[in-house]
Engineer: 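Take this structure first; my questions come after.
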Amino acid sequence: MNVVLLGPPGSGKGTQAQYIVDEFGIPQISTGDMLRSAVAAGTELGLAAKKVMDAGDLVSDDIILGLVNERLRLPDCTQGALFDGFPRTLPQAEGMVAIGVTLDAVVELLVPDDVVVERISGRRVHQESGRVYHLTFNPPKVADRDDETGEQLIQRPDDTEDTVRERLAVYYEQTAPLIDHYQQSSSEYFKTDGTVSVDEISVSIRSFLRTFSS
Ligand code: AP5
């Protein structure tokens, strides 16, 4: 089962990915998390990506396709994968097909811009695992600490209001064309209201995905 999660920054892709991974046992491939790991490791790729990410722009298609291609060779991807934040451009969508991924379903989270800005300003993350929290909507059990490891949570450097507005502009210009692209393709397309509770969204997405997993 290969599934793409599509939606603007802060629409809840990473949050929902955690539930999908738990139920269906396919790995989450988050290009944002992969890039942040490269930044944290201080690799050449990470240093170049950091400037682009901090400005809210997109890393080049070639780099992203190289990362995803490499990730898909790992044995945990034999039963499929959940793509979170990838593809983000039409060339990435075409590149994904070229590296042999047959997509079963696309899930789009619908969230208006003002909600995105509110969510992103309150977001906190556990850097190591990518687990996502929100100060008000999805707080950790202990303030500023990851529920599983107890380690310190951080605020992403690209989570400032100005950068979020730039990321939204980039989304509408470069990623939103994928909505039409996928609605006209043979993959199943499922849109869901991303403004209701995390649990309600998760129930609706997982019930849709169960039709592919049997
Ligand atoms: P990436 O990490 O992919 O960021 P994004 O797509 O902008 O998405 P976010 O991680 O910001 O949000 P999300 O939708 O996962 O929401 P979340 O679940 O965290 O990319 C970062 C950067 O890397 C890009 O800007 C780009 O530079 C680069 N990059 C990555 N992939 C790339 C690619 N393919 N090509 C080129 N460049 C690439 O939720 C947000 C907050 O809301 C959280 O606090 C959460 O707790 C809360 N929340 C979630 N759901 C709900 C709900 N239902 N109700 C209330 N609160 C909620």
Side-chain angles (χ1 to χ4, degrees), residues 1-7 11-41 43-46 49 53 58-109 125-132 146-149 175 178-179 181-192 194 198-199 201-214:
M1 183 168 79
N2 286 305
V3 180
V4 164
L5 274 179
L6 195 60
S11 55
K13 302 181 296 294
T15 301
Q16 293 302 325
Q18 293 170 14
Y19 294 90
I20 298 168
V21 164
D22 284 351
E23 173 161 348
F24 298 100
I26 50 171
Q28 173 191 9
I29 297 188
S30 160
T31 41
D33 285 349
M34 290 160 81
L35 291 168
R36 280 184 287 279
S37 296
V39 171
T43 62
E44 203 176 314
L45 163 70
M53 294 168 79
L58 294 185
V59 174
S60 80
D61 292 333
D62 285 352
I63 289 179
I64 295 292
L65 284 165
L67 280 176
V68 171
N69 196 8
E70 210 172 289
R71 177 66 184 85
L72 286 171
R73 288 168 201 263
L74 297 183
D76 62 339
C77 296
T78 50
Q79 301 301 314
L82 174 66
F83 297 94
D84 160 9
F86 171 86
R88 245 176 163 99
T89 63
L90 284 167
Q92 287 182 21
E94 287 157 6
M96 184 186 204
V97 174
I99 55 183
V101 176
T102 308
L103 210 53
D104 296 294
V106 176
V107 174
E108 183 189 354
L109 292 166
V125 293
H126 178 238
Q127 196 163 13
E128 187 73 23
S129 66
R131 273 185 289 280
V132 181
D146 176 50
D147 286 352
E148 291 195 19
T149 63
T175 307
L178 292 176
I179 296 170
H181 172 81
Y182 281 129
Q183 282 180 325
Q184 288 160 19
S185 78
S186 57
S187 320
E188 291 290 329
Y189 198 91
F190 180 68
K191 292 180 198 222
T192 192
V198 169
D199 283 349
I201 301 165
S202 166
V203 165
S204 78
I205 294 176
R206 285 181 296 133
S207 106
F208 163 73
L209 291 178
R210 276 183 208 124
T211 54
F212 299 96
S213 65
S214 47

Engineer: Is there side-chain contact between Met34 and Ile29, with at least one heavy-atom pair below 4.5 Å?
Structural biologist: yes
Engineer: Is the closest side-chain heavy-atom distance between Leu103 and Ser185 below 4.5 Å?
Structural biologist: no
Engineer: Hey, what do you get for CG (Asp84) to OG1 (Thr31), rounding to the nearest 0.5 Å?
Structural biologist: 7.0 Å
Engineer: Taking atom CG of Leu5 and atom CD1 of Ile205, what is their separation to the nearest 0.5 Å?
Structural biologist: 6.0 Å
Engineer: What are the two closest heavy atoms between Pro27 and Val21, and how far apart are they?
Structural biologist: C-CG2, 4.3 Å
Engineer: Would you indicate whether Gln18, at its atom CD, is surrounded by more than 12 heavy atoms from other residues, nucleotides or ligands within a distance under 6.0 Å?
Structural biologist: yes
Engineer: Can you confirm whether Val68 sits close enough to Phe83 that some side-chain heavy atom of one is under 4.5 Å from a side-chain heavy atom of the other?
Structural biologist: yes
Engineer: Less than 4.5 Å apart, side chain to side chain, heavy atoms only: is that true for Thr192 and Leu109?
Structural biologist: yes
Engineer: So, for Ala49 and Val59, which heavy atoms are closest and what is the spacing to 0.1 Å?
Structural biologist: CB-CG2, 4.2 Å
Engineer: Restricting to non-hydrogen atoms, name the atom on Pro91 and the atom on Leu65 that form the minimum distance, rounded to 0.1 Å.
Structural biologist: O-CD1, 4.1 Å
Engineer: Got a donor-acceptor contact below 3.5 angstrom from the Asn2 side chain to the Thr102 backbone?
Structural biologist: yes
Engineer: Of the non-hydrogen atoms in Val106 and Ser187, which two are nearest, and what is the gap between them?
Structural biologist: CG2-CB, 4.4 Å
Engineer: Mind checking the CG-CG spacing from Leu67 to Leu72? Nearest 0.5 Å is all I need.
Structural biologist: 11.0 Å
Engineer: In plain terms, say whether Asp147 and Arg131 are close enough for a salt bridge, that is, a side-chain N and a carboxylate O under 4.0 Å apart.
Structural biologist: no
Engineer: Within a radius of less than 6.0 Å around CD of Gln79, do more than 12 heavy atoms belonging to other residues, nucleotides or ligands occur?
Structural biologist: no
Engineer: Quick one, Leu178 and Pro87 - any side-chain contact, counting heavy atoms below 4.5 Å?
Structural biologist: yes
Engineer: As an exercise, state the distance from CD1 of Ile179 to NZ of Lys191, rounded to the nearest 0.5 Å.
Structural biologist: 7.0 Å
Engineer: Taking all non-hydrogen atoms of both residues into account, name the closest pair between Gln28 and Gly14 and its distance.
Structural biologist: NE2-CA, 4.3 Å
Engineer: Please report the shortest heavy-atom distance between Ala105 and Phe208, naming the atom on each side.
Structural biologist: CB-CE2, 3.9 Å
Engineer: Can you check whether Gln16 reaches Val198 side chain to side chain, under 4.5 Å on heavy atoms?
Structural biologist: yes
Engineer: I'd like to check Glu108 versus Tyr182 (side-chain heavy atoms, cut-off strictly below 4.5 Å). Are they in contact?
Structural biologist: no
Engineer: Within a radius of less than 6.0 Å around CD of Glu128, do more than 12 heavy atoms belonging to other residues, nucleotides or ligands occur?
Structural biologist: no
Engineer: Working to the nearest 0.5 angstrom, can you tell me the gap between Asp62 CG and Gln92 CD?
Structural biologist: 10.0 Å
Engineer: Got a donor-acceptor contact below 3.5 angstrom from the Lys13 side chain to the Gly7 backbone?
Structural biologist: yes
Engineer: Return the NE2 to CG distance between His181 and Leu90, rounded to the nearest 0.5 Å.
Structural biologist: 6.0 Å
Engineer: Within the 4.5 Å heavy-atom criterion, are Ile20 and Val3 side-chain neighbours or not?
Structural biologist: no
